[in-house]
Amino acid sequence: MNAGVDGYRIIENAPLRARNTFGVPAVAPLLVEVTRASVLPELFATAMPTGTCPLVLGGGSNLLFAADPEGIVLSLATRDIRLLDDDGETTIVRADAGVVWHDLVLWTLGHGLSGLENLALIPGTVGAAPIQNIGAYGVEVREHVHAVEAYDRSHRGFVRLTGTDCAFAYRDSLFKHDPDHFIVSAVEFRLPHAYTPRLDYTGLADELRAMGIAGAPRASQVAEAVMRIRGRKLPNPDVLGNAGSFFKNPILPAAAAQALLADHPDLPCYPGDAPDTRKLSAAWLIDRSGWKGRREGDAGIAASHALVLVNHGMASGRQLLDIARRVAADVHARFGIALQPEPRIIGATW
Ligand code: FAD
Ligand code: EPU
């Protein structure tokens with residue numbers, strides 16, 4: 001197939017080790033790489049067997065291959081970013097699903113636009129950003145999602161979803177609950193001209209001070225500070241395989257959180273999405289369960305951050321899943337909290 005002409009190409013028995021940041025071995029029987037999203041309807045009508053539910057693979061930074069994917073794997077290699085609209089107060093930027101997320105952040109900063117700076121250096125693609133409503137350093141992407149363009153498999157056509165349609169919540173969205181329904185083809189972002197630095201997250205203001213920045217920082221300086229903190233805390237997947245936080249921070253009713261805090265006053269506790277809920281630190285729970293820095297064979301927990309499951313080289317997805325289950329079992333035994341994984345697990349259930 002000629003990707004330039006057809007808008008897609010098919011690769012048989014495609015190795016996926018370099019396409020997932022855990023660096024675990026897996027093989028896709030068929031990998032369809034799409035270079036033009038407009039071919040999706042034709043692709044589903046002709047080249048895909050009826051009922052096919054392809055696994056959409058972005059940068060593979062929030063996936064664990066516990067086994068080879070069974071069906072077709074679809075990857076969007078679409079790369080356009082453009083200014084869509086500007087009403088004098090807000091700029092709308094549209095980016096294709098295949099754009100690398102951090103490249104979009106740099107593009108917006110380069111165009112004098114702010115809003116995404118706290119989300120600098122999150123691995124992966126634009127298309128995956130709404131799936132778990134990526135968040136970091138006090139900002140979630142939902143705050144800036146104007147619309148999500150997606151191919152709707154049940155209606156066999158493109159739809160445009162508003163932020164409300166997407167049902168965003170902490171590390172959650174409509175897409176996460178129904179992963180076979182939508183293929184995100186592009187995202188439109190709303191970036192207000194008025195710039196308000198968001199510096200509430202612990203350590204961010206200190207980092208700016210350490211950089212010698214006094215007073216209100218520019219958006220690019222906030223991005224720089226975020227990158228410096230991330231570089232210290234989180235292992236670089238090019239060096240040590242990982243998918244960032246392996247577990248979500250658990251959200252509990254306020255009363256249950258209060259009961260735990262009575263016994264563990266240093267357990268970090270933040271407001272939850274809903275009233276009368278609290279979000280607790282999964283890293284702290286894992287750390288206090290003695291897992292930080294532990295290694296069994298090539299699978300383990302990072303020494304720099306207790307929430308990061310790591311592949312020291314040759315661990316399989318199964319071995320990583322096994323250790324993650326034992327971490328969760330220990331946390332449950334000690335604190336009565338059932339941790340939930342953040343990445344999508346392929347070939348096994350949690
Ligand atoms: P993938 O891992 O390829 O896919 C993730 C999920 O999205 C899968 O279910 C997949 O099927 C689906 N998907 C992907 N693309 C599409 C599409 N176009 N349409 C429909 N479904 C799609 N996340 C945060 O929120 N905050 C962080 O601070 C953060 N830090 C990280 C740090 C490190 C070092 C790493 C490795 C990961 C981190 N993550 C973080 C997780 C990860 O970067 C994000 O979840 C990211 O959005 C995943 O993008 P991806 O393209 O790699 O998605
Ligand atoms: N902590 C420990 N031990 C550790 C690490 C952290 O006890 O080894 C405690 C500390 O008290 C620290 C607190 O946990 O103050 C919070 O740590 P951190 O600021 O690193 O945040 P996090 O809750 O562990 C979340 C996200 C990250 C995101 C950061 C910054 C989740 C699951 N994780 O981590 O997102 O980058 O905040 O906003 O919400 C990801 O989703 O993959 C991810 C990396």
Side-chain angles (χ1 to χ4, degrees), residues 16 19-22 34 37 54-65 69 73-76 78 96-102 118-141 148-151 153 170-171 173 175-176 178-187 201-204 226 229-251 266-270 279-288 291-293 301-310 339-346:
L16 299 178
R19 288 179 183 259
N20 74 96
T21 59
F22 270 122
V34 171
L55 165 68
V56 189
L57 180 63
S61 63
N62 215 22
L63 283 172
L64 176 60
F65 287 112
V73 173
L74 192 85
S75 163
L76 291 166
T78 50
D96 279 341
V99 170
V100 170
W101 173 261
H102 184 60
N118 293 50
L119 304 175
L121 216 57
I122 296 181
T125 54
V126 165
I131 306 302
Q132 75 156 2
N133 174 28
I134 55 169
Y137 297 92
V139 173
E140 289 183 333
V141 78
V148 172
E149 299 172 26
Y151 178 71
R153 290 195 50 249
Y170 165 69
R171 295 296 187 271
S173 72
F175 310 107
K176 247 192 151 169
D178 195 359
D180 295 331
H181 198 137
F182 295 105
I183 297 167
V184 174
S185 51
V187 183
Y201 199 90
T202 314
L204 193 46
V226 165
I229 300 173
R230 294 183 71 94
R232 280 199 302 272
K233 279 193 184 175
L234 297 169
N236 177 351
D238 292 339
V239 179
L240 187 60
N242 75 91
S245 302
F246 191 81
F247 297 101
K248 292 189 273 192
N249 285 328
I251 295 183
D266 55 338
L267 167 56
C269 176
Y270 320 95
K279 184 160 56 173
L280 302 177
S281 164
W284 187 97
L285 296 166
I286 295 167
D287 200 335
R288 294 308 183 279
W291 276 95
K292 187 171 176 175
I301 298 296
S304 61
H305 203 297
L307 204 41
V308 182
L309 182 68
V310 290
L339 292 179
Q340 292 301 318
E342 181 188 287
R344 180 168 176 187
I345 298 169
I346 307 297

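This one's a predicted model, so the numbers in the text were calculated from it and none came from an experiment. Both counts, for ligands and for their atoms, begin at 1 and track the order of listing.
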Handout entry: Nitrogen or oxygen atoms of I134 and ligand 1 under 3.5 Å apart
Key = no
Problem - Residue part near ligand 1, for N242, under 4.0 Å between non-hydrogen atoms - result: both
Exercise for the section: Report the part of A306 (side chain from C-beta onward, or backbone N, CA, C, O) that has a heavy atom under 4.0 Å from ligand 2; answer both or neither where that applies. Expected result: both
Exercise for the section: Determine, using heavy atoms of T202 and all atoms of ligand 2, whether some pair is separated by less than 4.0 Å. Expected result: no
Handout entry: Close approach, Y270 and ligand 2, non-hydrogen under 4.0 angstrom
Key = yes
Practice task
Examine the proximity of ligand 1 to W101 and report which part, side chain or backbone, both or neither, has a heavy atom under 4.0 Å away.
Solution key: neither
Exercise for the section: Say whether F247 and ligand 2 are in contact under the criterion: heavy-atom distance to a ligand atom below 4.0 Å. Expected result: yes
Handout entry: Heavy-atom side-chain proximity of W101 to V141 below 4.5 angstrom
Key = yes
Practice task
Consider every N or O of N133 and every N or O of ligand 1, then say whether any pair is closer than 3.5 Å.
Solution key: no
Problem - Numbered atoms of ligand 2 (with element) below 4.0 Å of K233, judged on heavy atoms - result: 18 (P), 19 (O), 20 (O)
Problem - Point-to-point distance, once rounded to the nearest 0.5 Å, from CZ of R171 to CG of N133 - result: 7.5 Å
Exercise for the section: Please determine if L55 has a nitrogen or oxygen closer than 3.5 Å to a nitrogen or oxygen of ligand 1. Expected result: no
Practice task
Flag G58 as yes when one of its N or O atoms lies below 3.5 Å from any N or O atom of ligand 1, and as no otherwise.
Solution key: yes
Problem - Atoms in ligand 2 flagged as close to G244, the criterion being non-hydrogen separation under 4.0 Å - result: 42 (O)
Exercise for the section: Compare G244, G124, S61 and give the one whose heavy atom is closest to atom 41 (C) of ligand 1. Expected result: S61
Problem - Interfacing atoms of ligand 2 (cut-off 4.0 Å, heavy-atom, P268) - result: 11 (O)
Exercise for the section: Under 4.0 Å, heavy atoms only, figure out whether ligand 1 is touched by the backbone of L63, its side chain, both or neither. Expected result: both
Fill in the blank from the handout: Near S281 (heavy-atom distance under 4.0 Å), the atoms of ligand 2 are 9 (C), 13 (C), 14 (O)
Completion exercise
Nearest non-hydrogen contact to atom 25 (O) of ligand 1 from the set Q132, K176, H102, H305 belongs to Q132
Completion exercise
Tightest non-hydrogen contact, residues P54 and L74, listed as CB-CB, 4.1 Å
Exercise for the section: State whether the shortest distance between N or O atoms of Y170 and N or O atoms of ligand 2 falls below 3.5 angstrom. Expected result: yes
Exercise for the section: Could you tell me whether some N/O pair between K292 and ligand 2 is separated by less than 3.5 angstrom? Expected result: yes
Handout entry: Within-cutoff protein neighbour (heavy atom, under 4.0 Å) for atom 9 (C) of ligand 2
Key = yes
Handout entry: Interfacing atoms of ligand 2 (cut-off 4.0 Å, heavy-atom, Y201)
Key = 18 (P), 19 (O), 21 (O), 29 (C), 30 (C), 37 (O), 38 (O)
Practice task
Mind checking whether A243 contacts ligand 1 via backbone (N, CA, C, O), side chain (CB onward), both or neither, at a 4.0 Å heavy-atom cut-off?
Solution key: backbone
Problem - N/O separation below 3.5 Å, A97 to ligand 1 - result: no
Exercise for the section: Run the numbers for me: atoms of ligand 2, each under 4.0 Å from some heavy atom of A136, listed by number. Expected result: 36 (O), 38 (O)
Completion exercise
With sequence neighbours left out, the residues meeting side-chain contact (heavy atoms from CB on, under 4.5 Å) with K292 are D287, A306
Handout entry: ligand 1 contact by F182, heavy-atom criterion under 4.0 angstrom
Key = yes
Handout entry: pair I183-V34: side-chain heavy atoms closer than 4.5 Å
Key = no
Exercise for the section: Would you name the heavy atoms of L240 and P235 that are closest together and state the gap between them? Expected result: CD2-CB, 3.9 Å
Completion exercise
Under 4.0 Å between heavy atoms, the region of S245 that gets near ligand 2 turns out to be both
Exercise for the section: Taking all non-hydrogen atoms of both residues into account, name the closest pair between P343 and F246 and its distance. Expected result: CD-O, 3.1 Å
Completion exercise
Residues at least two apart in sequence or cross-chain that pass side-chain contact (heavy atoms from CB on, under 4.5 Å) with L16, listed by chain then number, are R19, A26, A28, L57, F65, P69
Handout entry: contact_flag P179 ligand 1 heavy-atom lt 4.0 Å
Key = no
Problem - Atom indices of ligand 2, in the order listed, that fall short of 4.0 Å to a heavy atom of D287 - result: 2 (C), 3 (N), 4 (C), 7 (O), 8 (O)
Practice task
State the atoms of ligand 2, each with its element, that fall below the 4.0 Å cut-off from a heavy-atom position in R230.
Solution key: 36 (O)
Handout entry: Part of T21 within contact of ligand 1 (heavy atoms, under 4.0 Å)
Key = side chain
Handout entry: Shortest non-hydrogen separation from I131 to S173 and the atoms involved
Key = O-OG, 2.6 Å
Practice task
Answer yes or no: does an N/O atom from P123 fall short of 3.5 Å to an N/O atom of ligand 1?
Solution key: yes
Problem - Polar atom proximity, S304 to ligand 2 (N or O, under 3.5 Å) - result: no
